[in-house]
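Computed from heavy atoms alone, side chains included, the values below leave out hydrogens, waters and symmetry copies.
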Amino acid sequence: MLKPGVLDPQGEAICHSLDAIGFDDVTSVRQGKVIELDVAEGTTRERVRDMCDTLLVNSIIETYTIDME
Amino acid sequence: MKAAVVVFPGSNCDRDLTVAFESVGCTVHRVWHKDTELPPGTDVVGIPGGFSFGDYLRCGAIAAQSTICRAIQRHAERGGYVLGICNGFQILTESGLLPGVLLRNIRLKYICKRVTLRVNSRNSIYTDRYSVGEEIDIPIAHHDGNYFADLETISRLQGEDRIVFEYIENPNGSCANIAGIVSSNRRILGMMPHPERAIDSIHGSIDGRRMFQSIIGIYVAV
């Protein structure tokens, strides 16, 4: 997800569009992304965190959470 | 003076940048993103505009992990010069050589037009031939040129005279109207506008020409 305070014009456009088609109860929209990884057996959460910090996430503007299943 | 222009899959301004460097007498080698070293004796690296790796993940993020970018980092650590234009600017921020990040334009549109920039600083090898406060016409062509950094970073850039170019009319939502910034040692410049597209009268503006003359100028002068 984009960090609080980082302008999200795409989220704003979605919010305007929802409002235009009658969903006027939405007060703000923040847009994020989901990245699904298929990983080898035994891959640790730490390893995935390393992937996030190295490439998948830009920590200047984004935060992330990891769900493993 | 030797320049190296990097080519990624999806670069589309590498020839224009090569022509611009050659027009002021540079010897230019184009290097491929899988190369592991810059040509020996490279003085300045040009990272061109385009859509490296299709802008996948984030603009410049995948290019920033390439082997040539590691070589560029070593070049920068040695005090080498690097000029990143448009996608090149995005790659420089993603690789950590310049602070901040380029977000989607505030109106979400790709913008391709000529804009007016104010030159804020002559204190770099890229802007030496301009005067402070001068207004120059340079084209932009980008979808993600909305410069963002936290307030502390912005005030540091301002305090250190590192915002060398700013937009007169902000086209993309950039913080502090930022169009181009330099590194703390002033040897790395990243900018969204395309000076290499304003070097010949047939381009409609020749205001970018002096940037390349400035770069070569420091070598001619010494």
Count the heavy atoms belonging to other residues, nucleotides or ligands that lie under 6.0 Å from CD1 of A:Ile21, then report whether that count exceeds 12. yes
Rounded to the nearest 0.5 angstrom, the CG-CD1 distance for B:Leu103 and A:Ile61 is 5.0 Å
In this structure, CD1 of B:Ile106 is separated from CG of A:Leu7 (nearest 0.5 Å) by 5.0 Å
Less than 3.5 Å apart and able to act as donor and acceptor by atom type: which atom pairs between chain A and chain B qualify?
| from | atom 1 | to | atom 2 | distance (Å) |
| --- | --- | --- | --- | --- |
| A:Lys33 | NZ | B:Leu57 | O | 2.8 |
| A:Thr54 | O | B:Gln65 | NE2 | 3.1 |
| A:Leu55 | O | B:Arg58 | NH1 | 3.3 |
| A:Leu55 | O | B:Arg58 | NH2 | 2.9 |
| A:Leu56 | O | B:Arg58 | NH1 | 2.9 |
| A:Asn58 | ND2 | B:Glu94 | OE2 | 3.2 |

Honestly, the part of B:Leu108 sitting under 4.5 Å from a heavy atom of chain A is side chain
Would you indicate whether the side-chain heavy atoms of B:Phe148 and A:Val6 approach each other to under 4.5 Å?
yes
